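What you see is a predicted model, and the numbers here were worked out from it, not measured in a lab. Sequence lines set the chain letters: A, B, ... in the order given, protein chains first and strands last, and positions in each chain run from 1.
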Number of protein chains: 2
Amino acid sequence: MDETDELLAIRAAELYYEDAKTQEEIGAILHLTRWKVGRLLARARELGFIRIEIVHPRARRLSAERMLREKFGLKDAVVVQSEHRSAPEIQARVAQAAADYLTGMRPVPRTLGVSWGRTLQGVADCLRHGWATRVDVVQINGGVSLNRMAGTASATAVEIAHKGSGQATLLPSPAILEHLETKRAIERDRTVAQVLEKARAADAFLFSAGVADASSVHVDSGYITAADVDELVARGAVGDVLGRYIDAAGEIVDTQLDDRTVGLGLDEIRRAATSIAVIAGRPKHAVTKAVVTSGLCTVLVTDEESSAMLLSDQVAARVLNGGSRRVG
Amino acid sequence: MDETDELLAIRAAELYYEDAKTQEEIGAILHLTRWKVGRLLARARELGFIRIEIVHPRARRLSAERMLREKFGLKDAVVVQSEHRSAPEIQARVAQAAADYLTGMRPVPRTLGVSWGRTLQGVADCLRHGWATRVDVVQINGGVSLNRMAGTASATAVEIAHKGSGQATLLPSPAILEHLETKRAIERDRTVAQVLEKARAADAFLFSAGVADASSVHVDSGYITAADVDELVARGAVGDVLGRYIDAAGEIVDTQLDDRTVGLGLDEIRRAATSIAVIAGRPKHAVTKAVVTSGLCTVLVTDEESSAMLLSDQVAARVLNGGSRRVG
DNA sequence: TATCGGTTCGCTCACATGAGCAACATCTGG
DNA sequence: CCAGATGTTGCTCATGTGAGCGAACCGATA
């Protein structure tokens with residue numbers, strides 16, 4: 001396309017998009033046939049001169065979603081716009097997007113296994129009353145029931161269930177126990193065992209991931225110490241999923257600690273038909289990468305920046321080209 | 001439009017604009033009829049959720065141009081995009097736009113009266129060889145021929161003429177003379193008188209405007225002193241057109257100074273069928289306003305920000321509602 | 001000058017889309 | 001509870017638009 005044509009294309013684009021003229025009219029104005037005008041417009045779009053943006057708090061980025069699905073073999077992906085947004089705003093939008101995703105799921109899951117945390121509480125808050133009818137919500141990992149943040153974990157599950165006019169089944173157990181024996185004992189307890197049984201049978205799972213640093217909820221809740229986290233990080237931990245700390249490859253970092261963690265195991269999540277991960281924000285990039293590349297989720301809800309990170313060539317898609325584990 | 005519809009509209013817009021799906025396909029996906037989809041899209045556009053931008057150095061803003069034409073009764077207006085651009089970039093684009101405008105003029109002017117200055121030199125540089133055939137270019141005000149910037153004024157006219165394969169007729173006179181008598185004598189000189197005669201008969205005029213401050217070319221060239229400018233500003237001057245200082249209402253500030261200025265008078269410009277003003281940049285907002293509201297130009301080439309200033313309610317359109325002169 | 005390869009042109013045809021309209025649902029005030 | 005007003009829905013039909021296809025064109029080469 002030469003200089004003159006480019007100018008004409010721009011002129012045509014202005015008349016077409018800004019002045020809402022038909023291609024025929026533009027042809028008359030610029031002394032061209034309407035086909036030439038059509039071709040110029042196609043060229044202008046092709047060369048990226050026309051930029052269409054959807055400006056709305058709930059707008060998503062479909063192209064990124066398609067690429068994420070393809071690269072990582074995800075069943076679905078939801079990417080929210082994050083340009084020029086503050087971190088809390090992004091969290092809010094991702095939560096909203098996750099809520100919208102749940103609401104729009106077909107078939108509607110009858111039993112939903114949920115984790116807990118700030119992110120999931122946000123999702124629960126964004127759900128609308130009547131988002132579903134008769135959902136059974138089951139907690140899939142131990143909660144913060146013993147400490148100062150009492151009730152948080154259960155609140156999330158209860159709210160999700162309530163708004164979907166269904167029932168919540170809580171997991172009455174700490175997240176991580178001090179001794180393996182205690183953990184085994186708790187799991188043998190009939191109530192706990194029944195909940196876990198039900199959790200395993202859930203149609204879909206909903207969870208987030210935490211960063212491996214001293215600000216973690218698990219440190220906050222007293223399940224592990226800041227020193228423990230430092231140790232985990234030293235051994236390669238990038239974050240936790242359902243209270244289980246994983247490295248960049250998605251492998252459990254400390255199997256002994258993992259054995260003392262109550263709830264579904266990560267392999268059980270990996271086997272699920274539908275597991276929705278809601279993770280966003282720059283601090284979580286490393287965990288997000290680990291979750292996605294190690295096949296922990298079939299659906300990812302995240303922000304634009306994280307999606308860009310995942311789509312950059314630096315990130316290998318382990319799920320598809322199974323061999324290479326080098327992901328950092 | 002309720003909440004649900006708005007969400008659907010956004011979803012539809014994403015599928016339509018980002019995924020290039022047809023309205024029918026979108027209907028299938030969202031379980032709607034294609035008409036509903038069409039209506040939602042129309043609604044989304046109406047509410048401004050869809051923003052289409054033409055990203056190209058030469059892109060213009062047609063809507064602003066239309067409003068300028070209507071508000072000030074201009075024959076034409078050209079507004080270049082200026083968002084996120086530096087001042088020199090904007091100057092360059094405006095010059096390019098003015099050059100494009102000249103090139104595209106129908107009928108092609110046979111005689112073009114031009115002024116001089118940095119802006120017009122920029123326009124001359126942007127013109128392409130062969131932009132016209134046989135244009136007569138006439139200088140319409142006195143130039144900087146006596147001082148260190150010698151040749152600048154003539155260079156502009158000559159370049160425009162040369163690139164339009166025509167001839168330049170220069171005005172061999174200083175811009176402003178010290179004594180009224182000298183000015184009268186010069187104007188009586190046959191060569192000068194002939195040039196002015198030819199200038200008056202030009203089909204179109206092309207000029208810019210200067211800011212009234214010490215950085216002015218006239219101070220630089222020694223025609224007036226910085227003190228003179230301060231005095232002019234104190235008396236209400238906002239800038240100059242063809243070396244003639246005007247106030248916010250477009251009136252000559254100092255008639256004695258004006259009488260010593262060589263070249264066409266502002267009223268002669270006002271009477272012209274086609275007078276193209278090329279003015280851009282924040283420092284020139286005041287002069288731009290004065291030029292446009294006092295009917296000094298029939299065509300305005302400017303940047304987005306200046307156009308926004310002109311279109312703000314603060315600016316009264318004197319040309320149309322003749323009475324009110326309160327423009328500050 | 002004749003011929004070739006590639007590009008662009010104007011056109012047909014099928015599909016996508018918006019305007020306009022009647023039927024229907026929903027709200028409102030007597 | 002009903003009549004009228006208002007808004008919404010699904011449709012027909014005219015118009016707008018893009019894919020595909022020979023014809024024409026252009027520049028290079030033998």
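Atom pair A/D5:CG and C/dT7:C1' shows a separation of 12 Å (rounding to whole Å applied). Between the P atom of C/dG18 and the CD1 atom of B/I26 lies a distance of 11 Å, rounded to the nearest Å. Rounded to whole Å, the distance from NE2 on A/H31 to C1' on C/dC9 is 19 Å.
A salt bridge (Lys or Arg N to Asp or Glu O under 4.0 Å) check over residues 156-167 of chain A, counting only residues at least two apart or in different chains, returns the pairs A/E159-A/K163.
Taking B/H285 as the reference, nothing meets the ring-ring contact (aromatic ring centres under 6.0 Å, His included) condition, with sequence neighbours excluded. In this structure A/R61 satisfies the side-chain contact (heavy atoms from CB on, under 4.5 Å) test together with A/A64, A/V79, A/Q81, A/E304, B/E18, sequence neighbours excluded. Residues satisfying the side chain to side chain donor-acceptor pair (under 3.5 Å) criterion with B/E65, sequence neighbours excluded, are B/R60.
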Walk me through whether A/T111 and A/V135 qualify under side chain to side chain contact (heavy atoms under 4.5 Å, CB included).
CA-CA 6 Å; A/T111 312; A/V135 248; over 6 Å; no
Taking only N/O atoms, report every protein-nucleotides 17-24 of chain D pair under 3.5 Å with atom names and distance.
residue: D/dT17; atom: OP1; partner: A/Y16; partner atom: OH; Å: 2.8
residue: D/dT17; atom: OP2; partner: A/Q23; partner atom: N; Å: 2.9
residue: D/dG18; atom: OP1; partner: A/R45; partner atom: NH2; Å: 3.2
residue: D/dG18; atom: OP2; partner: A/Q23; partner atom: NE2; Å: 2.7

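Within the structure, every side-chain polar atom (N or O) of B/K36 is placed at least 4.0 Å from both OP1 and OP2 of D/dG10.
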With a 3.5 Å cut-off and sequence neighbours excluded, list the donor-acceptor pairs that the side chains of residues 21-31 of chain B form with protein atoms.
residue: B/T22; atom: OG1; partner: B/E24; partner atom: N; Å: 3.2
residue: B/T22; atom: OG1; partner: B/E25; partner atom: N; Å: 3.1
residue: B/E25; atom: OE1; partner: B/T22; partner atom: N; Å: 2.8

